[in-house]
**Q** 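The structure follows.
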Protein chains: 2
Amino acid sequence: MDAIDSRIIDLLKRNARSAYGDIGAVVGLSASAVKRRVDRLLAEGVIRSFTVQVDPATEGMSTEAWVELFCRGTVSPTELRRILSAVPEVVYAGTVTGSADAIVHMRSRDIPSLELALERVRVAPNVDHTRSAIVLSRLVNRTAG
Amino acid sequence: MDAIDSRIIDLLKRNARSAYGDIGAVVGLSASAVKRRVDRLLAEGVIRSFTVQVDPATEGMSTEAWVELFCRGTVSPTELRRILSAVPEVVYAGTVTGSADAIVHMRSRDIPSLELALERVRVAPNVDHTRSAIVLSRLVNRTAG
DNA sequence: CGTGAAACTGGAGTCGT
DNA sequence: ACGACTCCAGTTTCACG
């Protein structure tokens, strides 16, 4: 993971379909050398996957919410992961410092389906209550480069 | 945007470097038919871009925080966007319902640089105060498929 | 890490429905 | 208008130096 690797990743973030030769021309390597590095970065797990960034709105997932999760007693992160992974609307979740135990980012088609998903989180054992904030407008989204 | 488009997007999410012919073999179309659909989806903005999903930890961005933003008086979403876009550590932001005006997802190398970035957000005009929650452990991350 | 050759893919045009 | 087919330039992928 040297400086050239970083530059290659930077270029791939902007366009994951760039030809290896084009990348090589920028960073000063041959196409095969670039491919070898990309293969290595994939094997090492630095590059998780090649994906497309889709407009959530046109994909029919225009309703978003941030949910703070408050639990009774102590809930292990492992159990929280199990609960939250089961709800497909959960896009991102993490345990946090502060009064809440975890914060959850949810994305769904509309308010009713969001409410349904929220209900599925709430009924989980040891979940005391939740505090939700519906997203009104997205300001910044650099999630994938 | 029909059922086949959805399936194509689904396949591209999993591997954005799939050959059009391979995608066509799965959805029952020829390579050129798939390409035309992908080009159309790109032109329509349904597909925003082809990117790579990089492991934030190995990229040296292991510190994350959620920040609630409280403003004085009324701040337009446009101005908030301008302020937050200027801080590269801001990964995601949106205006929300509830007591906070906006919620911000930040990602940085370490605590000191996170504090610096937070300071840049705080000094913006009309920002009254912020409430931060540092992420202890990531539970779910389905941000990019 | 670079070079070269073989196989494959992408891009554009054309035709049929 | 949309999908299938064909050709050629360009790209990927492998060997080896």
Side-chain angles (χ1 to χ4, degrees), chain A residues 1-62 88 107-110 141-145, chain B residues 1-62 109 141-145:
Chain A
M1 189 62 187
D2 59 6
I4 297 179
D5 285 339
S6 298
R7 291 181 66 193
I8 290 173
I9 287 174
D10 217 59
L11 290 166
L12 285 175
K13 268 191 196 168
R14 282 188 244 166
N15 180 15
R17 302 205 81 159
S18 311
Y20 291 136
D22 293 349
I23 296 171
V26 175
V27 303
L29 257 60
S30 70
S32 48
V34 173
K35 186 200 181 304
R36 269 200 287 266
R37 280 172 180 263
V38 172
D39 286 345
R40 180 172 49 76
L41 290 169
L42 273 166
E44 286 173 356
V46 177
I47 297 176
R48 293 173 64 91
S49 68
F50 289 85
T51 67
V52 285
Q53 207 181 353
V54 179
D55 182 5
T58 56
E59 208 192 14
M61 303 291 269
S62 51
R107 190 174 281 170
S108 80
R109 214 174 67 248
D110 46 38
N141 187 16
R142 282 192 275 243
T143 304
Chain B
M1 189 58 188
D2 59 6
I4 297 178
D5 285 338
S6 298
R7 291 181 66 194
I8 291 172
I9 287 175
D10 218 57
L11 290 166
L12 285 174
K13 269 191 196 167
R14 281 186 245 168
N15 180 14
R17 298 204 83 151
S18 310
Y20 292 136
D22 292 350
I23 296 172
V26 175
V27 302
L29 256 58
S30 71
S32 50
V34 173
K35 188 206 178 302
R36 266 210 282 272
R37 279 173 181 263
V38 172
D39 285 346
R40 179 171 51 74
L41 291 169
L42 273 167
E44 286 173 356
V46 177
I47 297 175
R48 293 175 61 92
S49 67
F50 289 86
T51 64
V52 285
Q53 206 182 354
V54 180
D55 182 4
T58 56
E59 209 192 12
M61 303 291 266
S62 51
R109 216 174 64 248
N141 188 16
R142 282 193 276 243
T143 303

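Below, chains carry the letters A, B, ... as their sequence lines are ordered, and counting in each starts from 1.
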**Q** Would you call A:Arg37 and A:Asp2 a salt bridge, using N to O less than 4.0 angstrom?
**A** yes
**Q** Take atom CG of B:Asp2 and atom P of D:dA1, then tell me their distance rounded to the nearest Å.
**A**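 Going from B:Asp2 (CG) to D:dA1 (P), I get 17 Å.
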**Q** Could you tell me the separation between the OG atom of A:Ser6 and the CE atom of A:Met1, rounded to the nearest 0.5 Å?
**A** 4.0 Å
**Q** Let me see the working for A:Lys35 and A:Val38 under side chain to side chain contact (heavy atoms under 4.5 Å, CB included), right down to the final yes or no.
**A** CA-CA 5 Å; A:Lys35 186 200 181 304; A:Val38 172; 5.7 Å; no
**Q** Is any side-chain N or O of A:Lys35 closer than 4.0 Å to OP1 or OP2 of D:dT13?
**A** yes
**Q** Mind checking A:Arg37 for me? I need base, sugar-phosphate or nothing, with any heavy atom below 4.0 Å counting as a touch.
**A** sugar-phosphate
**Q** Using a cut-off of 6.0 Å, state whether more than 12 heavy atoms not belonging to B:Arg109 lie near its atom CZ.
**A** no
**Q** How many Å lie between CG on B:Leu29 and P on D:dC2, as a whole number?
**A**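 From B:Leu29 CG to D:dC2 P: 12 Å.
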**Q** Rounded off to whole Å, could you give me the CD1-to-P distance for the B:Ile8 and D:dC2 pair?
**A**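 My rounded result for the distance is 13 Å.
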**Q** Using a cutoff of under 3.5 Å, can you pull out all pairs of nitrogen or oxygen atoms linking the protein to nucleotides 3-9 of chain C, with atom names and distances?
**A**
residue	atom	partner	partner atom	Å
C:dT3	O4	A:Ser32	OG	3.2

**Q** Measuring only between side-chain heavy atoms, which start at C-beta, is B:Glu44 closer than 4.5 Å to B:Asp39?
**A** no
**Q** Any non-hydrogen side-chain atom of A:Leu29 less than 4.5 Å from a side-chain atom of A:Ile4?
**A** yes
